[in-house]
Engineer: 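So that we are looking at the same thing, I have put the structure below in structure tokens.
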Amino acid sequence: MRDEQATGAAITFDRVEKSFAQKGGAPVMALSDCTLTVEPGAITGIIGRSGAGKSTLLRMVNGLERPTGGRVLVGGRDVGAADGAELREIRREVGMIFQHFNLLASRTVFGNVALPLEIAGRPASEIRPRVADLIARVGLEALADRYPAELSGGQKQRVGIARALATGPKVLLSDEATSALDPETTQTVLRLLADINRDLGLTILLITHEMGVLRDIATHMAVIDGGRIVEAGPTYDIFVRPQHPTTRSFLSGVTGVTLPAFVASRLRPAPPEGPSQEVIRITFAGRHATDPMLARLTGELGIAVNILAGAIEEIGPHPFGNLLVSVETGRGAEARAYLERHQLLTEVLGYVG
Amino acid sequence: MWANLTPLLLEATLQTLYMVAVSGVLGTAFGLPLGVFLATSQRGELLSAPLVNKVLGLVVNATRSVPFIILVVAIIPFTRALAGTSIGTTAAIVPLTVAAIPFIARLVENAIREVDSGLIEAARAMGATPFQIIRKVLIPEALPGIALGLTLALVSLIGYSAMVGAVGGEGLGDLGIRYGYQRFMPEVMAAVVVILIVLVQLVQSVGEGIARAVDRRAPRNRGR
Ligand SMILES: Nc1ncnc2c1ncn2[C@@H]1O[C@H](COP(=O)(O)OP(=O)(O)OP(=O)(O)O)[C@@H](O)[C@H]1O
Ligand SMILES: [Mg+2]
């Protein structure tokens, strides 16, 4: 049963498939052939458009949803095959936080954090100090006696996180936990998750539709589209070398590098008649200096380069940049070949007359 | 004249309170679990038992569609079997309870259904058993709604209790009919009505007070 310990994975999705029966219609295929390994102690993000199947995939980890094909293994156990007491035991080892927090309005902060421990049948003498610890861990000591209605969204999610950690899980699931929060609060909640990951060695699997969230905390990521995992790997690699069109379109939103309007509006997929410019995206990883490269392009090959937009960002500790330039269409191929030779990634975005 | 009537009114009030209290408690004792079951036993829900759910739902609807005065008469054999007699104040508790159970069950069912399904999901994710979810999540979260529902049920029981004179049950309603109507003593009728109004007011404000006290939701989410 504990076969995936050989591979060291925390969670394994093995050719997972999920179809939902529909009343009076063909079943909806929410997931097909999803294979993914989640590294222990890593923060892995799943990104995809609405309806792509993210929640369905995540909810299989704690058995809220059962696969109709394939297997989901958590800590060596087949969740899809677990039932009753065994399933409840697995669930105690997997914490979950939610977009809308799902806190009990009838319980205080303390009472909400205590709930999973009460459910696990722990004695009150053990619950009290444990809950106090958890509340301190998420920085809500002063609010222990408040009711959720008296808290801000960020504070509510902190309660959600403390509650999810109560039974000492090895895995934390997060279904769009920051989607209902403003950008600043999102950052503080993400930082808290990263701290917990670091301090407790907790494996975190999170869902988001914001690439920025992945950039900020995920070491690994998977892109899901139409119920299939179309791309998976270390976040940095995917940011630098996105393969799938869906990934690229998500990325264009987050890199902060977009074409100026006067270029974008005239962009054509093929070179127009007459003199034209080829618009190229250059992605550089690590500390590659681009400026000298562009200067040499001009100096050595005599190709004039127009810089349209650019930015440098960080994914974890790694800098990575995006630059949009244009060169004379006739010399585009030559310029790209030169840049590729020097470890820069290029992509033709289109042409302007 | 009032000197003679005061003990009568007092006794009748106590009889009404007795009938309403006992049938309220019994109605809750049976109606609450029934309501919880109705709210959680449809297909795919916590205690998924669609067939039992349907049957109980039908029984509840059938009982609720019988006018109370007809119910009182229709179940006389049942009342006799249970109370030993079919006549009197104690016997009247049987039809009152029979009417209260399905009424309370529906009110509790509605209150439970109002609970956000996200909370059930969160509790499932914690590894809670269905019974734990009911006890620790559904009932506490539905408590404000249940309190309002029980208030409504008690007010209705006060009204119903006035009809049990038909089977020899006493109380305010019976007093009002016998003295106020049959012996034509309008002042008794008026006194009875005033006492009933005060009772209903009292029950209503205490019930609402309790509902408010247990309601920890943000003001804008407070349902009525
Ligand atoms: N219980 C269900 N019954 C029927 N279809 C469902 C059910 N749950 C999900 N689906 C369908 O499965 C697909 C994937 O849904 P899922 O909730 O996993 O998407 P998602 O990626 O989480 O989307 P979102 O970003 O909007 O939350 C959708 O087409 C959805 O309609
Ligand atoms: Mg979702």
Side-chain angles (χ1 to χ4, degrees), chain A residues 20-21 23 55 58-59 61-65 82 84-109 111-121 145-151 156 159-160 163-167 169 171-175, chain B residues 32 36 39-40 42-50 108 111-150 209-224:
Chain A
F20 288 104
K23 251 188 205 145
S55 297
L58 191 82
R59 291 156 53 84
V61 177
N62 58 2
L64 290 177
E65 218 70 84
E86 194 193 355
L87 183 57
R88 288 195 290 274
E89 197 185 310
I90 295 176
R91 284 174 173 170
R92 275 169 212 161
E93 292 177 13
V94 179
M96 188 167 189
I97 54 177
F98 305 87
Q99 179 173 1
H100 298 296
F101 323 119
N102 295 353
L103 301 178
L104 271 63
S106 59
R107 285 181 174 234
T108 60
V109 168
N112 269 286
V113 179
L115 182 60
L117 296 166
E118 290 174 22
I119 284 171
D145 296 326
R146 292 247 192 122
Y147 285 89
E150 304 159 345
L151 300 178
K156 282 184 201 166
V159 179
R163 182 177 71 175
L165 297 177
T167 50
V171 173
L172 178 68
L173 305 176
S174 160
D175 192 344
Chain B
L32 183 80
V36 169
T40 54
Q42 282 180 4
R43 186 180 308 284
E45 292 180 328
L46 276 183
L47 303 174
S48 181
V108 168
I112 298 258
R113 284 198 185 283
E114 291 281 307
V115 176
D116 180 1
S117 62
L119 298 184
I120 301 178
E121 179 153 305
R124 285 176 67 207
M126 289 172 206
T129 60
F131 183 68
Q132 284 176 321
I133 295 177
I134 289 169
R135 201 162 52 92
K136 294 200 172 278
V137 177
L138 291 180
I139 293 180
E141 287 290 302
L143 212 51
I146 292 175
L148 288 177
L150 291 182
I210 292 174
R212 223 174 301 116
V214 297
D215 195 346
R216 303 296 185 173
R217 293 170 294 180
R220 72 191 150 78
N221 292 333
R222 279 193 187 141
R224 265 291 136 102

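Chain letters run A, B, ... following the sequence lines, proteins first and then strands; every chain starts at 1.
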Engineer: Would you mind reporting whether A:Arg88 and B:Thr129 have side-chain heavy atoms less than 4.5 Å apart?
Structural biologist: yes
Engineer: With chain A as the partner, which of B:Arg135, B:Gln132, B:Lys136, B:Glu141 has the greatest number of non-hydrogen pairs under 4.5 Å?
Structural biologist: B:Glu141
Engineer: Hey, what do you get for CG (A:Asn102) to CD (B:Glu121), rounding to the nearest 0.5 Å?
Structural biologist: 7.0 Å
Engineer: What closest approach, in Å, do A:Arg163 and B:Ala122 show between heavy atoms, and which atom pair accounts for it?
Structural biologist: NH2-CB, 3.7 Å
Engineer: Out of A:Glu89, A:Met96, A:Arg107, return the one with the most heavy atom pairs under 4.5 angstrom to chain B.
Structural biologist: A:Arg107
Engineer: Got a sec, which residues hit side chain to side chain donor-acceptor pair (under 3.5 Å) with B:Arg113, two or more places apart in sequence or on another chain?
Structural biologist: B:Glu45, B:Glu109
Engineer: Could you tell me which non-hydrogen atom of A:Arg92 sits nearest to which non-hydrogen atom of B:Gly127, and how far apart they are?
Structural biologist: NH2-O, 3.3 Å
Engineer: Can you tell me which of A:Gly95, A:Ala85, A:Pro116 forms the most heavy-atom pairs within a distance under 4.5 Å of chain B?
Structural biologist: A:Pro116
Engineer: Looking only at atom types and distance, does a side-chain atom of A:Asn62 sit under 3.5 Å from a main-chain N or O of B:Ala125, one as donor and one as acceptor?
Structural biologist: no
Engineer: What residue in A:His100, A:Glu118, A:Glu150 has the most heavy-atom pairs under 4.5 Å with chain B?
Structural biologist: A:Glu118
Engineer: Give, as side chain, backbone, both or neither, the part of A:Leu103 having an atom under 4.5 angstrom from any heavy atom of chain B.
Structural biologist: backbone
Engineer: Within this structure, what is the OG1-CE distance for the pair A:Thr167 and B:Met126, rounded to the nearest 0.5 Å?
Structural biologist: 9.0 Å
Engineer: Once rounded to the nearest 0.5 Å, what's the spacing between atom CD1 of B:Ile120 and atom CG of A:Leu64?
Structural biologist: 12.0 Å
